[in-house]
*Asks:* 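To start, I am sharing the structure in question, which I have written as structure tokens.
Throughout, numbering of the chain's residues begins at 1 and tracks the sequence.
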Amino acid sequence: MRVRTALAGAGIAVMAVVGLGLPAQAADWVSYGHFPTKKKCVDAGQQYVRENFNAYKCTDYPDGWILWLK
């Protein structure tokens with residue numbers, strides 16, 4: 001019984017060390033909307049961040065702004 005417990009504990013420790021060594025998967029930016037002005041894009045991005053998105057950015061587009069969320 002003690003051997004099984006010790007082996008299980010060692011296995012869990014090895015899995016934890018291996019898991020910490022792997023790089024985290026980063027989320028990609030996803031286009032989430034098109035806005036006529038930068039102010040509206042920033043307002044929408046800030047609202048989405050308050051609702052549990054990690055980050056936002058607004059990029060210029062010929063006929064407006066595109067909101068990207070991560």
Side-chain angles (χ1 to χ4, degrees):
M1 193 68 166
R2 288 183 181 177
V3 173
R4 189 181 329 167
T5 303
L7 288 175
I12 291 171
V14 168
M15 288 175 25
V17 169
V18 170
L20 291 175
L22 296 175
Q25 295 294 323
D28 292 332
W29 290 97
V30 177
S31 173
Y32 216 78
H34 181 266
F35 297 88
T37 65
K38 185 173 183 180
K39 181 183 181 335
K40 289 184 180 187
C41 182
V42 169
D43 288 344
Q46 290 173 346
Q47 181 64 36
Y48 281 117
V49 168
R50 284 192 293 269
E51 294 175 2
N52 294 330
F53 279 88
N54 292 328
Y56 77 94
K57 66 180 177 180
C58 295
T59 56
D60 193 12
Y61 194 69
D63 61 342
W65 294 84
I66 296 177
L67 173 63
W68 298 88
L69 297 173
K70 191 174 198 182

*Asks:* Going from SG on Cys41 to CD on Gln46, what distance comes out if it is rounded to the nearest 0.5 angstrom?
*Replies:*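 Here the rounded value is 10.0 Å.
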*Asks:* Just jot down the side chain to side chain contact (heavy atoms under 4.5 Å, CB included) partners of Val49, sequence neighbours excluded, or say none.
*Replies:*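 Result, side chain to side chain contact (heavy atoms under 4.5 Å, CB included) vs Val49: Tyr56.
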*Asks:* Side-chain contact, heavy-atom cut-off 4.5 Å: Phe35 with Thr37?
*Replies:* no
*Asks:* Given side chains that start at C-beta, do those of Val30 and Leu69 come closer than 4.5 Å, heavy atoms only?
*Replies:*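 Answer no - side chains too far apart.
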*Asks:* Measuring from Phe53:CZ to Lys70:NZ, what's the distance to the nearest 0.5 Å?
*Replies:*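 Here the rounded value is 13.5 Å.
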*Asks:* How long is the span from the OH atom in Tyr48 to the CG atom in Asn54, to the nearest 0.5 Å?
*Replies:* 15.0 Å
*Asks:* If I compare all heavy atoms of Leu67 with all of Ala44, which pair ends up nearest, and what's the gap?
*Replies:*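 Closest heavy-atom pair between Leu67 and Ala44: CD2-CB, 4.0 Å.
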*Asks:* Determine whether more than 12 heavy atoms belonging to other residues, nucleotides or ligands lie under 6.0 Å from atom NZ of Lys38.
*Replies:*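 Open: at most 12 neighbouring heavy atoms sit under 6.0 Å from NZ of Lys38.
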*Asks:* Under the 6.0 Å and 45° cation-pi test, does Lys40 pair with Trp65?
*Replies:*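 That pair does not qualify as a cation-pi contact.
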*Asks:* Looking at Tyr32, I want to see if its OH is surrounded by more than 12 non-hydrogen atoms of other residues, nucleotides or ligands under 6.0 Å.
*Replies:*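 Not more than 12 within 6.0 Å, no.
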